[in-house]
Every structure is written in structure tokens, then in C-alpha cells.
Amino acid sequence: MEISKVIFVNELGDERGKLAVIESNQLIPFIINRVFYIYGTKGEVRRGFHAHHKTRQALICVSGNCKVYLDNIKRKTDVLLDSPTKVLILEPNDWHEMYDFSVDCVLLVLASHLYDAEDYIRDYEKFKEVYGG
Ligand code: TYD
């Protein structure tokens, strides 16, 4: 399995303003089958608290900023998403929690699979069983 990582999308801009492009299976390493966005999150809220069996995701703060805590058992780390050009490629085996949402935060998520509740691992003990090997 791949390791989650931060990549950067090119900023295309001219005197009118800025533009960034993401194409399916190009810069991000999977075909996008689902898009959702998280917004209006209260600043003190922490959400996520799960890993996946197969879904790969790309997280981008298209407005504002937030932090993402990642735990793949071997390493635990925090990523600050504070630019529309910064993309967190989040692999299924990372337990993740999003927190410290700014008031204006819009967190865009591109996902490799359609929504399937069965693909979620929401129990940390189960997560360790599945990925602790
Ligand atoms: P949830 O997984 O609790 O969000 P988070 O992991 O960010 O804390 O999702 C909130 C609700 O939205 C939950 O009832 C499931 C539903 N949902 C969908 O129906 N489709 C989706 O693609 C996603 C991401 C969530």
C-alpha cells in the first residue's frame, strides 16, 4: 500500500486571478468517483475518526485551513492544509481526524470510490487488527 503524502497542484494565474486544475488519474493517482466537501464546521469540532479498506482520497482546503491527524500505526503525524494548492493524498490505511477548522474552511475531498459504509473502519481496535500486521 502507498504512503499518504502531500503534493502540490500548479497554480495557474494571470492578472484576473488564480486557477488550479485537478484531472482524474493525473496529478492525483486514482480515478475520482465521488466528490464531497466539508464546510461550516465548528472550530472546536474534531471529525473523521476512521480509516478505510479501499478508498483513496485527496483532501484540499479550497478556502481557509484545517489540520489532519494521520496514524498508520507506524507513524502519527499532523498535516496543515492551508492552501488551495496543497493536496493531501490520503491512503486507506491512515486513521484520520480533521480538526482546527477555520470559520471559512471548505475542505474538498476527492474519493476513489462511491460511498459505502462497509468500507469504513470506525473502531480503532479493529483498525489495529486490520493494519497492525
Ligand atoms: P461522516 O463519515 O460522519 O463524516 P466525518 O468522517 O467527516 O466525520 O459523515 C457524515 C454523514 O454523511 C454520515 O451520515 C454519512 C454521510 N455521508 C454520505 O452519505 N456520503 C458520503 O460520501 C460521505 C463522506 C458521508
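Keep in mind that what you see is a predicted model, and the values were worked out from it rather than measured. Basis for what follows: all heavy atoms, side chains included, without hydrogens, waters or symmetry-related copies. Start at 1 and go down the list; that is how both ligands and their atoms are numbered.
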Could you list the residues that satisfy side-chain contact (heavy atoms from CB on, under 4.5 Å) with P92, not counting sequence neighbours?
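side-chain contact (heavy atoms from CB on, under 4.5 Å) list for P92, sorted by chain: M1, H52, R56, Y131.
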Name all residues meeting the salt bridge (charged side-chain N to carboxylate O under 4.0 Å, His left out) criterion together with R46; count only those two or more places apart in sequence or in a different chain, and write none if there are none.
E97
Minimum side-chain heavy-atom gap L110-I60 below 4.5 Å
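They are in contact (side-chain heavy atoms under 4.5 Å apart), so the answer is yes.
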Which pairs would a plain distance check flag for residues 11-24, meaning a side-chain donor or acceptor within less than 3.5 Å of a matching protein atom at least two apart in sequence or in another chain?
residue, atom, partner, partner atom, Å
D14, OD1, R16, N, 2.8
D14, OD1, R16, NE, 3.2
D14, OD2, R16, NE, 3.1
D14, OD2, R16, NH2, 2.7
S24, OG, I32, N, 2.9

Every residue of the protein that comes under 4.0 Å of ligand 1, judged on heavy atoms:
R34, F36, I38, R47, G48, H50, M98, Y115, Y120, R122
I'd like to know if the side chain of D78 pairs up with that of Y99 as donor and acceptor (distance under 3.5 Å, no hydrogens or angles considered).
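Their side chains do contain a donor-acceptor pair, which is all the 3.5 Å distance test asks for.
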What is the ring orientation for F49 with W95, classed by angle as parallel under 30°, tilted 30 to 60°, or perpendicular over 60°?
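Correct class here is perpendicular.
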